[in-house]
Amino acid sequence: MTEQAKPAAEAEVTAYYKQNLKQLKLAIDSFALAIQQQKTTQYQALFVAVRNKYKKVEWLVQYYHPETAKSINGAPIPEVEADAPEKIVEPLGLQVLETYLYPTVQVNQHAGITMLVTALQSSVTRLQATADANFLTKPHIVDAVRTSFITLQTLGITGYDAALVKSGIQEAAVVLSTANDVLLLLQPNDYQQSTLCQKITAAATYSYENAADFDAFDRLTFIRAYMQPIMLEMQHWATKNNIQPFNENRFFSAKASSLFDSSAWNPYYFSINGKKSTQEAMALLGEKLFYDVQLSGNGSRSCASCHQPQKAFTDGLVKATGVDGFTTVARNTPTILNAALQRFQFYDSRVVYLEDQPKDVVENTIEMHGNVNNAAKQISTDKQYATLLQNAVGTKAVTGQHLQQALAAYLQTKVYLNSAFDQYMQGKTQTIAPLVKQGFNIFMGKAKCGTCHFAPLFNGMVPPFYDKMESEIIGVPATTEEKALDADVGKFVLYKSPIHKYAFKTTSVRNAAITAPYMHNGVYKTLEQVISFYNKGGGAGISYQVPNQTLAPEPLQLNTQEQKAVKAFMESLTDSY
């Protein structure tokens with residue numbers, strides 16, 4: 001769709017986007033000139049200027065050009081291609097550049113700084129070349145703006161993409177003002193008088209006036225009192241103007257009324273079909289299978305033997321004993337609560353589809369030493385299953401795949417997101433303990449927890465699209481004495497890439513209060529121990545040799561009161577199930 005072919009409002013938005021791209025390119029060019037002239041005293045101010053200019057276009061760049069967005073402002077962590085794990089792709093962009101400039105400019109890194117700024121110039125030039133080709137309609141524009149609001153709440157104000165300069169609160173005002181500009185272009189006749197415009201303006205003012213102290217910023221008030229009403233009002237405004245949200249299959253619905261809209265998550269998204277294709281009867285079949293010892297090779301244990309309902313579907317052990325009665329399994333037993341709300345299963349992320357998770361456990365020689373196809377044959381002749389099988393599958397002659405589907409369907413029923421904190425964020429309760437509020441603000445700010453355990457799931461599902469799940473390297477100790485690094489190399493076993501050594505999936509802190517012990521090896525018995533470990537800077541902070549640690553090794557310097565508050569917040573994330 002060319003600019004000339006676009007309706008007037010969409011053409012105006014395109015022109016606005018192009019103008020801001022031009023301003024971004026000029027800001028980067030100014031930085032490049034200063035580097036050429038080695039005016040190092042200007043670097044930090046020029047960097048901040050570039051970040052501000054990027055925030056004027058990020059809403060559309062991340063929506064239509066996510067890979068380019070990553071090259072401009074992605075996490076400063078190396079990656080590998082799935083089909084070439086031996087090839088390490090070094091990160092580019094503002095977050096990497098930031099490490100050369102803060103807290104002081106590394107003048108001996110002239111070549112590296114030059115390379116990064118040159119790469120930024122190239123990325124923006126590509127965006128300029130494709131600016132007219134973006135498929136802009138009013139629904140797409142509104143959806144892109146809405147997506148920028150999710151980014152703002154989950155990444156911007158947490159310091160995820162400005163960890164050292166800590167400019168995220170001030171940048172929030174830029175993002176919000178940009179949203180107002182864009183929506184005004186869409187509806188020029190009455191937008192400035194709209195409630196939505198007033199709410200966005202108020203949020204921009206609040207963030208701008210409170211930007212001076214990044215750590216002290218009241219993120220809870222900002223999200224609940226400003227951003228959530230904005231997202232809800234945006235729905236009303238769009239409906240009034242006949243701009244309908246997309247109805248496509250997404251993990252986080254385009255119709256979500258807020259970041260904490262628990263009904264907006266699709267627990268079927270990471271199943272093979274990507275949507276709800278099973279009937280309630282399939283979940284009922286899965287529930288019975290979950291408690292059936294026939295799935296194990298020797299008939300001695302079921303899934304529930306380790307995932308015990310009375311223990312939040314864990315077993316409370318450091319590591320479970322295997323099906324033979326004496327061998328210890330490799331890792332701690334995780335809860336199945338909200339397990340459907342993650343792209344990968346297991347600590348090493350080795351399973352993609354939820355249906356494959358039960359098969360992996362059943363056929364693991366240490367855990368259950370069974371076979372799903374053999375179990376299916378047994379169950380096909382079990383009279384207790386006759387009605388369930390007929391209702392769920394339509395035949396008694398079931399296969400191992402049917403069993404996998406049924407168990408996955410049961411796991412999909414174990415999604416709750418109804419904790420006390422959720423109730424407050426959803427407006428179902430009107431008060432929250434001051435300690436919990438303080439804990440949330442620290443979790444999402446000073447403690448940097450929210451830069452890996454992303455809101456609102458508080459696991460490694462990366463906003464704003466929640467289509468990628470991160471693993472982190474934090475240097476977990478072998479024992480509580482913290483004298484040595486745990487020997488488990490995690491994700492490295494799968495890909496043999498050095499950047500994956502000691503990498504483990506970022507699990508949710510939801511229900512952490514009732515799922516001890518913690519970490520992949522169950523090393524910590526209490527939340528206090530976990531928080532203390534992070535406060536020290538993880539394994540590298542304890543002086544382990546973890547050169548690829550993704551957790552910042554610097555101590556967080558949380559005092560006793562602050563650590564207590566973080567614990568209180570995590571306790572408030574306990575679901576009723």
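The first residue in the sequence is number 1, and the count goes up from there.
- Using a 4.0 Å cut-off between charged nitrogen and carboxylate oxygen, Glu248 and Arg250 count as a salt-bridge pair.
- One side chain, Asn441 or Asp218, offers a donor N or O that lies under 3.5 Å from an acceptor on the other.
- Side-chain N/O atoms of Thr137 and Glu10 include no donor and acceptor closer than 3.5 Å.
- Looking at Lys448, Lys166, Lys446 one by one, the single match for salt bridge (charged side-chain N to carboxylate O under 4.0 Å, His left out) with Asp215 turns out to be Lys166.
- Expressed to the nearest 0.5 Å, how far CD of Gln153 lies from CD of Gln228 amounts to 7.0 Å.
- With sequence neighbours left out, Phe443 forms a ring-ring contact (aromatic ring centres under 6.0 Å, His included) with Phe458, Phe569.
- Without hydrogens or angle criteria, Ser271 side chain to Tyr268 main chain gives a donor-acceptor distance under 3.5 Å.
- Side chain of Gln357 to main chain of Tyr353: no donor-acceptor pair is present (N/O by atom type, distance under 3.5 Å, no hydrogens or angles).
- Screening residues 455-467 for side chain to side chain donor-acceptor pair (under 3.5 Å) gives no qualifying pairs among residues at least two apart or on separate chains.
- Among residues two or more places apart in sequence or in another chain, the salt bridge (charged side-chain N to carboxylate O under 4.0 Å, His left out) test is passed with Glu571 by Lys567.
- In this structure, Lys255 contributes its side chain and Pro245 its backbone to no donor-acceptor pair below 3.5 Å.
- Distance alone, capped at 3.5 Å, places no donor-acceptor pair between the Gln342 side chain and the Met469 backbone.
- The existence of a salt bridge linking Asp422 and Lys428 is excluded, since no basic side-chain nitrogen approaches an acidic carboxylate oxygen closer than 4.0 Å.
- Here Thr574 pairs with nothing under the side chain to side chain donor-acceptor pair (under 3.5 Å) rule; sequence neighbours left out.
- Looking at residues two or more places apart in sequence or on another chain, you find a ring-ring contact (aromatic ring centres under 6.0 Å, His included) between Phe222 and Phe217.
- Tyr269 is linked by a side chain to side chain donor-acceptor pair (under 3.5 Å) to nothing, counting only residues two or more places apart in sequence or in another chain.
- Salt-bridge annotation for Asp161 and Lys55: present, with a side-chain N of the basic residue lying under 4.0 Å from a carboxylate O of the acidic one.
- Judged by distance alone, with hydrogens and angles left aside, the side-chain atoms of Asn241 form no donor-acceptor pair with the main-chain N or O of Ile243 at under 3.5 Å.
- Ring pair Phe465/Phe252: centre-to-centre distance not below 6.0 Å.
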*When you look at Asn180 and Tyr191, which way does the side chain to side chain donor-acceptor pair (under 3.5 Å) test go after all the steps?*
CA-CA 9 Å; Asn180 258 345; Tyr191 179 74; 2.5 Å; yes
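- Among all heavy-atom pairs drawn from Leu152 and Ala172, the shortest one is CD1-CB, 3.2 Å.
- For Phe214, the ring-ring contact (aromatic ring centres under 6.0 Å, His included) criterion is met by no residue, not counting sequence neighbours.
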*Step-by-step salt bridge (charged side-chain N to carboxylate O under 4.0 Å, His left out) determination, Lys53 to Glu58*: CA-CA 9 Å; Lys53 295 299 183 183; Glu58 185 181 43; over 6 Å; no
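- In terms of the side chain to side chain donor-acceptor pair (under 3.5 Å) criterion, residue partners of Glu472 (sequence neighbours excluded) are, by chain and number, Thr550.
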_Worked check of salt bridge (charged side-chain N to carboxylate O under 4.0 Å, His left out) between Lys468 and Glu79_ = CA-CA 13 Å; Lys468 174 186 174 183; Glu79 294 184 353; 2.9 Å; yes
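- For Glu470 (side chain) and Cys452 (main-chain N/O), no donor-acceptor pair under 3.5 Å exists by modelled atom type.
- For the pair Arg224 and Tyr424, the cation sits on the ring face: its NZ or CZ lies under 6.0 Å from the ring centre, inside 45° of the axis.
- One distance of note links CE of Met227 with CD1 of Ile157; it measures 8.5 Å at 0.5 Å rounding.
- Residues meeting the ring-ring contact (aromatic ring centres under 6.0 Å, His included) test with Tyr226, sequence neighbours left out: Tyr206.
- The backbone N or O of Leu94 sits nowhere less than 3.5 Å from a side-chain atom of Asn73 that would complete a donor-acceptor pair.
- With respect to Glu171 and Arg51, a salt bridge is recorded, a charged nitrogen being found less than 4.0 Å from a carboxylate O.
- With sequence neighbours left out, Ser258 forms a side chain to side chain donor-acceptor pair (under 3.5 Å) with no residue at all.
- Atom OG1 of residue Thr154 and atom CE of residue Met461 lie 12.5 Å apart, to the nearest 0.5 angstrom.
- Every pair passing ring pair (Phe, Tyr, Trp, His ring centres under 6.0 Å) that includes a residue from residues 150-175 is listed here, sequence neighbours excluded: Tyr160-Phe454.
- Contact detail for Thr451 and Gly159: the closest heavy-atom pair is CG2-C, 4.0 Å.
- Considering every non-hydrogen atom in both Tyr518 and Ala512, the closest pair reads OH-O, 2.5 Å.
- Side chains of Tyr416 and Asn511: no donor on one and acceptor on the other come within 3.5 Å.
- Taking the six-membered ring for Trp and the full ring otherwise, the centers of Phe135 and Tyr64 sit at least 6.0 Å from each other.
- Remark: the backbone N or O of Leu136 is not paired with any side-chain donor or acceptor of Asn134 at under 3.5 angstrom.
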_Please evaluate residues Asp575 and Lys414 with respect to the criterion salt bridge (charged side-chain N to carboxylate O under 4.0 Å, His left out), reporting the C-alpha separation (whole Å), side-chain torsions for both, the decisive distance (0.1 Å), and the verdict._
CA-CA 11 Å; Asp575 290 317; Lys414 297 303 171 187; over 6 Å; no
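- Residues meeting the salt bridge (charged side-chain N to carboxylate O under 4.0 Å, His left out) test with Glu209, sequence neighbours left out: none.
- The closest donor-acceptor contact from the side chain of His500 to the backbone of Gly490 lies at 3.5 Å or more, if one exists at all.
- The backbone N or O of Met444 lies less than 3.5 Å from no partner atom in the side chain of Thr158, so there is not a single donor-acceptor pair.
- For Phe344 and Phe270, the ring centers are positioned 6.0 Å apart or more.
- For Asn52 and Gln170, the side-chain atoms include at least one donor-acceptor pair closer than 3.5 Å.
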